Amino acid sequence: MSSAFRKIHRWMGLFLMLPLALQGLTGTLLIILPLLLPERPHVTDSGAPAGAEAVVAASRTHAPAGMIPLRLNPARWNGDSAMVTYGPAGERHPTFEVFVNPDHPSVISTYVVPAYIRFLHNVHADLFLLPYGQTATGIMGVVLSLLAFTGLIIWWPHPALWQNGKWRRTIIISRRARGLRLWREIHVSLGFWLSFMLLFLSLSGAILAFPFARPLFGINGPDKRHNHPHHTALPAVAGETGLDTGLAALKRQMPEATLLSVQLGEQPTQQAFEVILPAYGPNHPATVQYDPHTEHVRISRDPGQIRRGEWTFQWLHMMHETKLVAPALIAVIWKMAVGTGGIGLIILAFSGVGLWAMRRYGAARRESGN
């Protein structure tokens with residue numbers, strides 16, 4: 001039985017070594033690179049913040065041609081700048097950012113979102129295999145979970161080693177290890193310490209990737225709240241028109257809500273407010289919309305009303321993409337753990353191939369010596 005698991009583990013790892021290493025590399029870069037992007041500029045002016053409509057209007061003077069404002073991120077504290085993101089109509093991923101002084105609306109600086117970040121995300125999600133990339137990525141996640149599971153079975157020590165405590169030697173690298181033994185101990189010990197992280201990342205990644213997984217968790221269709229369709233029949237009205245009125249109503253009717261961002265678009269009807277409610281916390285923001293006819297705000301997406309399946313899917317998405325916000329210390333630790341898992345996957349892929357190559361080389365030398 002052990003021999004069969006070894007063969008399964010070996011040939012799955014060899015066959016998918018490059019895709020696994022690519023997944024580990026792109027996943028790690030998607031964690032590290034956003035941390036290197038510039039922070040919002042500091043604002044020295046102080047005073048009463050201007051209206052949100054004025055902030056968006058000021059940003060339009062520096063927007064690239066053919067792009068519309070997608071999202072407004074208000075100043076988070078005194079001295080912070082506001083940010084308006086832009087992108088092509090019909091897209092939800094911004095490609096251009098404008099930083100605005102929220103007290104005296106004027107553009108401080110602009111920033112072009114690096115195209116390689118979106119490229120890395122597409123590679124990680126689709127593996128250059130469009131339109132079948134998501135299914136291929138899901139299969140990769142299943143295979144990686146099998147690799148982690150069979151690796152644990154292969155590692156599992158004999159009962160005698162459990163009794164005398166010598167099993168601990170199998171999860172550390174000996175200082176005297178050299179050559180083939182060093183590669184083997186690196187592969188075994190690293191696989192042990194990262195096995196549960198790799199199992200989580202592989203299974204959650206497979207669930208997020210497979211197209212049929214969303215309906216299984218009770219999520220029907222794409223999230224239309226984030227789409228910005230092009231409405232050619234509607235009059236040319238700026239998407240931020242009436243925004244100040246809606247924000248005032250939000251503050252008046254829901255004083256406990258903390259505004260995170262404002263979704264914009266080509267028309268005011270596309271406005272939506274992402275807020276933190278004390279009942280759910282920052283990890284589960286709610287979506288609020290303002291009805292200018294009734295002059296009331298309503299929660300269009302209530303975290304407390306979502307079904308268990310959708311709640312589970314959202315947690316898997318948040319943890320897999322390291323979007324955990326609070327507690328802050330746990331969020332940092334988790335981000336580091338996921339990044340370590342990505343680096344470890346690269347090392348495991350190449351060390352596994354190294355072990356196989358050295359064993360083949362040693363066997364060939366023995367055969368030639370005979």
Side-chain angles (χ1 to χ4, degrees), residues 29-64 67-88 91-121 226 228 238-240 243-244 246-247 250-251 257-265 270-276 281-283 285-288 318 321-332 334-336 339:
L29 290 176
L30 286 172
I31 293 176
I32 296 176
L33 291 179
L35 300 177
L36 304 179
L37 299 181
E39 293 289 335
R40 294 196 212 175
H42 181 74
V43 177
T44 56
D45 296 336
S46 60
E53 293 180 38
V55 170
V56 179
S59 72
R60 283 182 176 272
T61 60
H62 287 67
M67 292 192 179
I68 63 171
L70 301 181
R71 188 170 294 273
L72 165 66
N73 292 343
R76 297 161 292 185
W77 49 74
N78 292 333
D80 190 27
S81 56
M83 181 176 70
V84 183
T85 63
Y86 283 81
E91 294 291 334
R92 66 186 181 93
H93 297 287
T95 59
F96 191 77
E97 298 174 348
V98 182
F99 302 101
V100 182
N101 185 329
D103 302 320
H104 305 285
S106 60
V107 174
I108 303 172
S109 62
T110 61
Y111 182 72
V112 178
V113 179
Y116 59 77
I117 292 182
R118 189 63 191 159
F119 172 78
L120 289 173
H121 187 277
H226 298 290
H228 300 275
E240 67 270 20
L243 180 56
D244 289 341
L247 290 174
L250 173 68
K251 186 176 181 179
T258 301
L259 180 66
L260 284 179
S261 64
V262 179
Q263 175 185 299
L264 301 169
Q270 295 171 310
Q271 292 177 11
F273 310 140
E274 188 177 41
V275 301
I276 297 175
N283 289 321
T287 302
V288 177
M318 179 174 59
E321 297 196 354
T322 65
K323 293 183 178 180
L324 186 70
V325 178
L329 179 60
I330 301 300
V332 172
W334 178 253
K335 190 180 291 287
M336 294 175 60

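Quantities reported herein were computed from a predicted structural model and do not represent experimental measurements.
Residue Ala50 comes nearest to Asp103 through the heavy atom pair CB-O, 3.9 Å, listed as atom of the first residue, atom of the second, then distance. Smallest separation of non-hydrogen atoms from Asn283 and Met318: O-SD, 3.7 Å. The heavy-atom pair separating Val100 from Pro105 by the smallest distance is CG1-CA, 4.1 Å. Contact record, Ala82 with Val55: CB-CG1, 4.0 Å, taken as the closest heavy-atom pair. For the pair Pro285 and Glu274, the tightest heavy-atom approach, listed with the atom from each and the gap, is CG-OE2, 3.6 Å. When every heavy atom of Leu29 is checked against every heavy atom of Pro34, the shortest pair comes out as O-CD, 3.7 Å.
One distance of note links CG of Leu264 with CD1 of Ile68; it measures 8.5 Å at 0.5 Å rounding. Atoms CH2 and NZ, from Trp334 and Lys323 in turn, are 15.0 Å apart once rounded to the nearest 0.5 Å. With rounding to the nearest 0.5 Å, the separation of CG in Asp80 from CG in Asn101 is 10.5 Å. If you take CG on Leu324 and CD1 on Ile330, they are separated by 8.5 Å, rounding to the nearest 0.5 Å. Taken to the nearest 0.5 Å, the CG atom of Leu70 stands 11.5 Å off from the CG atom of Leu72. Note: Thr110 OG1 to Met83 CE = 13.0 Å, rounded to the nearest 0.5 Å.
Within the 3.5 Å criterion, the main-chain N or O of Arg60 finds a donor-acceptor partner in the side chain of Tyr86. Remark: the backbone N or O of Ala272 is not paired with any side-chain donor or acceptor of Gln263 at under 3.5 angstrom. Looking only at distances, no side-chain donor or acceptor of Gln271 sits under 3.5 Å from a matching main-chain atom of Val262.
Looking at heavy atoms from C-beta onward, Arg40 lies in side-chain contact with Arg76 at the 4.5 angstrom threshold. Side-chain contact between Pro69 and Val98 is absent, with no heavy-atom pair separated by less than 4.5 Å. Side-chain contact between Thr95 and His93 is absent, with no heavy atoms from C-beta onward closer than 4.5 Å. Side-chain atoms of Phe273 and Leu243, non-hydrogen and from C-beta on, do get closer than 4.5 Å to each other.
When the salt bridge (Lys or Arg N to Asp or Glu O under 4.0 Å) test is applied to Lys335, no partner is found at least two apart in sequence or on another chain.
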